[in-house]
Student: 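Dumping the structure here so I can ask a few things about it.
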Amino acid sequence: MLGALGVAAPAAIALAVAMVTFNVAWRDALAIALVVLVPTLVLALRLRGNVAFPLYTVSNLLEALREGDYSLRGSRARRGDAIGEVVWEVNALSQTLREQRLKVEETVALLTKVLQTIDIAILAFDAGHRLRLICPAGERLLGVAPGAAIGAAADSLALADCLELNTAATLRRAFPGGSGPFEVRRAGFREGGLPHDLLVINDVSRALREEERAAWQRLIRVLGHELNNSLAPIKSMAATLATLLGRDPLPGDWREDARSALDVIGDRAAALNRFMLGYTTLARMPSPTRRPVRIAEIIERAARLEQR
């Protein structure tokens, strides 16, 4: 209503000036006012309904977008109309932002699940080397309660030296949540335009134990196979000798049979001894023998291996 009066005000002022200047009677002035002001007021009200209200709608939609509310939609969205086109585009922008926020929330939820399930410590430090993010595995490794380590300095967490690494390294460390060899990797990233450090600490002792267990299993299988290959004929020859010596009277060629059986037993025992000696030598590698060498010859031989 105030807007309509603002539109009609110039016409009313002009009419008052005309009454004073040309000495127009008030009845004539009233008639002129009805002819001039009423259509002006009607035009102003229609202009307000067709322009002002849609602009208020666009303003409310933009305010909702600024506040992060993407659920509101304008009802005057239509093609072929200037204000309707604006409302249409604002509605499309709101729908796009809503879909993008949904994707971001789903991605964050998936990342949170991954961080909760992996057994690798992941920590993020700001430019001041203060902890800003840590996964549950990292909290277990550092022996802290959930969320208690946020804001702590890297020095207090005994991780300052890890933030100085430029390449991946395997360090033997003792943390409240475990000790042993750890593979440590550091990567840089930016958040809010400021540099941050991402620290990944992986306990490799479990993998080493698995590899060691697998190596022992392979070794036991090889040893078992070789022992069976030697003990089976020894057992067979021993049984043959026991049967032979249990005969009464002894056969005439028992000496030859006994000597042959003893030779087989001796050969298999010697082979088994050589086998075990070889494994013992492998397990106890001798110290390297140092001697002067010509580095140029070694480099030339190594260079000949690569011809690309």
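Numbering starts at 1 and runs along the sequence shown.
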Student: Suppose we screen for salt bridge (charged side-chain N to carboxylate O under 4.0 Å, His left out). Which residues come up paired with R304, at least two apart in sequence or across chains?
Tutor: none
Student: Just verifying a value: how many Å separate R185 CZ and T167 OG1, rounded to the nearest 0.5 Å?
Tutor: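 If I round to the nearest 0.5 Å, the distance is 9.0 Å.
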Student: What pairs with R66 under side chain to side chain contact (heavy atoms under 4.5 Å, CB included), at least two apart in sequence or on another chain?
Tutor: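 If we apply the side chain to side chain contact (heavy atoms under 4.5 Å, CB included) test to R66, skipping adjacent residues, the hits are E63.
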Student: With rounding to the nearest 0.5 angstrom, report the CD to CG distance, E106 to L110.
Tutor: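 Rounded to the nearest 0.5 Å, the CD-CG separation comes to 9.5 Å.
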Student: Suppose we screen for side chain to side chain contact (heavy atoms under 4.5 Å, CB included). Which residues come up paired with E164, at least two apart in sequence or across chains?
Tutor: H129
Student: Suppose clustering is done on Ile, Leu, Val, Met, Phe, Trp and Tyr with side-chain heavy atoms closer than 4.5 Å. Which residues sit in the same group as I295?
Tutor: V293, I298, I299
Student: Is it true that R173 and D161 have a side-chain N and a carboxylate O under 4.0 angstrom from each other?
Tutor: yes
Student: Please round to the nearest 0.5 Å and tell me the distance separating atom OG of S260 and atom CE of M237.
Tutor: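 Going from the OG atom of S260 to the CE atom of M237 covers 7.0 Å.
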Student: Are V108 and I122 co-members of a hydrophobic cluster defined by side-chain heavy atoms under 4.5 Å apart?
Tutor: no
Student: Apart from L165 itself, what residues make up its hydrophobic cluster when side-chain heavy atoms of I, L, V, M, F, W and Y under 4.5 Å apart count as a link, directly or indirectly?
Tutor: L123, F125, L131, I134, L141, L142, V144, I150, L157, L159, L163, L171, F175, F182, V184, L199, I201
Student: Looking at residues at least two apart in the chain, or sitting in another chain, which of them share a side chain to side chain contact (heavy atoms under 4.5 Å, CB included) with N91?
Tutor: L61, R73, A77, V87
Student: Just by distance, do the side chain of S94 and the backbone of V90 share a donor-acceptor pair under 3.5 Å?
Tutor: no
